[in-house]
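Letters A, B, ... are given to chains in the order of the sequence lines, protein chains preceding strands, and every chain is numbered from 1. Values below: all heavy atoms of this structure, side chains included; hydrogens, waters and symmetry mates excluded.
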Number of protein chains: 2
Amino acid sequence: MKRFVEVEQLLRGRGIRLTAQRQLVVRRAAAYLHFTAEELVKNVQSFDASVARGTVYRTLALLHRQGIVEKHDFRYGPPNYEVTLAKAHHDHLMCVQCGEIIEFQEPRVERIQDDVVRRYGYQLLSHTHKLYGLCRACQQVDRRQARKLSPPHLHVEEVVA
Amino acid sequence: MKRFVEVEQLLRGRGIRLTAQRQLVVRRAAAYLHFTAEELVKNVQSFDASVARGTVYRTLALLHRQGIVEKHDFRYGPPNYEVTLAKAHHDHLMCVQCGEIIEFQEPRVERIQDDVVRRYGYQLLSHTHKLYGLCRACQQVDRRQARKLSPPHLHVEEVVA
DNA sequence: CAGCTACTTGAGACTGAGTCTCAACACATC
DNA sequence: GATGTGTTGAGACTCAGTCTCAAGTAGCTG
């Protein structure tokens, strides 16, 4: 099932009005793994130029409040958003050269976190765990850079379904 | 030994000019555990109002390039900076209510990270691991909130030495 | 110490990302 | 179709951060 259908059902179920603009924003957002707010604005406007920037931001905030999208502050540039509905919790590994983002799961880390939090008497609400490095391809590009070769490869990120 | 002395020695050793403005910025930065760029601007200007905002940002960028300060994107608000010179690596636990930040070390997590990175063929360069929750005091404030009691406590953060 | 060069600074314009305001519009319900 | 509430587009605004540039300063060299 396409991801945006679930999101739309959820919103409707909560009595939230699903206007044409909101549908477009939801569908475009669901088509990407990770995106910045401005990327989403451009993408939405390429389908319907009359949708205002403010509307995209508002809808994004709405989805965030509803727990449907998550906001990630990767270093380097503005925050990334991600539609996480019906997705298991995961953390991120990012290539600082080409920007590829890999999602990983590590239950062992989650257990250690509980330890840490207990140690300081905190109540854990959420966490972020981000690893930054070079992907295999970029490590090679780096090595070839001395010889000034090809530009870094690109990762196309649009989800097919 | 005061922290800023080390920083100043390091900069001089690398042939970087230590102007009066830079000294002031370094000293004020070293006086805090965590601070935002704008906080630092205000703090520096309270000692010498003639120092321009741009100079503070420039010096902060210089210290960052020199590996002396680290930048942390906590959610909620602009990024925090931290003078990390001669400080062991650590991660952060933050109270989302009062903003207290605790630094913790967890070698076990570092080992698991190496696993993850190997699994995807990456070369690890750095990482951030942030836990968000409620500190002991704020958990209690939360419980009392139904009865509308005292405002949240404050954490004074200036370092004494 | 005068002259030269390179670096640094203050002031303020500029930018990008995000928020706010408000009049116009759309929708759901009666 | 009247009414009330929620949503939208347009554009002004804010805030953090960057850039530009003329003026100032430091560190040589002779």
Side-chain angles (χ1 to χ4, degrees), chain A residues 7-8 11-29 32 34-66 68-82, chain B residues 7-8 11-29 34-66 68-82 99:
Chain A
V7 174
E8 292 180 4
L11 291 176
R12 255 190 275 267
R14 292 188 189 166
I16 289 163
R17 225 184 262 172
L18 248 184
T19 63
Q21 291 92 330
R22 286 184 179 169
Q23 274 192 30
L24 181 57
V25 172
V26 166
R27 288 171 188 216
R28 294 321 304 153
Y32 285 85
H34 298 90
F35 52 89
T36 67
E38 289 297 318
E39 276 166 12
L40 184 60
V41 169
K42 285 207 191 70
N43 192 283
V44 163
Q45 291 181 339
S46 77
F47 284 81
D48 178 351
S50 78
V51 177
R53 220 163 64 94
T55 299
V56 176
Y57 273 92
R58 272 188 296 244
T59 307
L60 211 41
L62 170 75
L63 296 173
H64 190 235
R65 278 198 307 281
Q66 295 296 322
I68 292 165
V69 314
E70 261 182 35
K71 188 177 171 182
H72 299 292
D73 266 307
F74 293 106
R75 317 189 251 217
Y76 323 111
N80 264 250
Y81 293 86
E82 175 187 8
Chain B
V7 174
E8 292 180 5
L11 291 176
R12 255 190 276 265
R14 293 187 188 167
I16 290 163
R17 225 183 262 175
L18 247 185
T19 62
Q21 292 92 331
R22 285 184 178 168
Q23 274 191 32
L24 181 56
V25 172
V26 166
R27 287 170 188 216
R28 295 319 306 154
H34 299 90
F35 52 89
T36 67
E38 289 297 318
E39 277 165 11
L40 184 59
V41 169
K42 286 207 190 71
N43 192 283
V44 163
Q45 290 182 339
S46 77
F47 284 82
D48 179 352
S50 78
V51 176
R53 218 162 65 93
T55 300
V56 176
Y57 274 93
R58 271 187 298 243
T59 307
L60 211 40
L62 170 74
L63 295 173
H64 190 235
R65 277 198 307 280
Q66 295 296 323
I68 291 165
V69 313
E70 261 181 35
K71 187 176 172 183
H72 299 292
D73 266 309
F74 293 107
R75 318 189 250 217
Y76 324 112
N80 264 250
Y81 293 85
E82 175 187 8

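Map B:Gly54 and B:Arg17 each onto its nearest nucleotide of DNA chain D; the residue landing nearer the 5' end is B:Gly54. If A:Lys71 and B:Ile16 are placed on DNA chain C by their nearest nucleotide, the residue sitting closer to the 5' end is B:Ile16. In terms of position along DNA chain D, the nucleotide closest to B:Pro79 lies nearer the 5' end than the nucleotide closest to the other residue of the pair B:Pro79 and B:Arg58.
Put simply, NZ on B:Lys42 is 7 Å from P on D:dA16, counting in whole angstrom units. Here the P atom of nucleotide C:dA26 and the CD atom of A:Gln23 are 16 Å apart, to the nearest Å. The CZ-P distance, from A:Arg22 to D:dG6, rounds to 11 Å in whole Å. Atom CG in B:Leu40 sits roughly 14 Å away from atom C1' in D:dG17 (whole-Å rounding). In this structure, B:Arg12 places its CZ atom 14 Å from P of D:dA26, rounding to the nearest Å. Going from atom NE2 of A:His64 over to atom P of C:dT19 covers 11 Å, rounded to whole Å. Across the protein-nucleic acid pair, B:Asp73 atom CG and D:dA16 atom P stand 14 Å apart, rounded to whole Å. The CG-C1' distance, from B:Leu60 to D:dA16, rounds to 12 Å in whole Å.
At distances below 3.5 Å, not a single donor-acceptor pair connects side-chain atoms of A:Arg12 with backbone N or O atoms of A:Leu18. A donor-acceptor pair is defined here as one N or O able to donate and one able to accept, closer than 3.5 Å; no such pair exists between the side chain of B:Arg28 and the backbone of B:Phe47.
The residue A:Thr36 sits apart from the nucleic acid: no heavy atom pair falls under 4.0 Å.
The A:Ala52 side chain lies nearest to D:dA10 when the options are C:dA17, C:dT8, D:dA10.
Put simply, B:Thr19 has no side-chain N or O that comes within less than 4.0 Å of OP1 or OP2 on D:dA26. Between B:Tyr57 and D:dT18, a side-chain N or O to OP1/OP2 separation shorter than 4.0 Å is absent. Residue B:Thr55 places at least one side-chain N or O closer than 4.0 Å to OP1 or OP2 of C:dG10. When the side-chain nitrogen and oxygen atoms of A:Gln21 are compared with OP1 and OP2 of C:dA26, none of them lie within a distance under 4.0 Å.
The two residues A:His34 and A:Asn80 come nearest to each other via the heavy atoms CB-OD1, 3.3 Å.
Put simply, the residue from A:Ile16, A:Leu11, A:Val56 that forms a side-chain contact (heavy atoms from CB on, under 4.5 Å) with A:Arg22 is A:Ile16.
When side chains are defined from C-beta on, A:Val44 does not count as touching A:Asp48, because their heavy atoms never get closer than 4.5 Å.
Taking 3.5 Å as the limit, the base of D:dG9 and the side chain of A:Arg53 contain no donor-acceptor pair of atoms between them.
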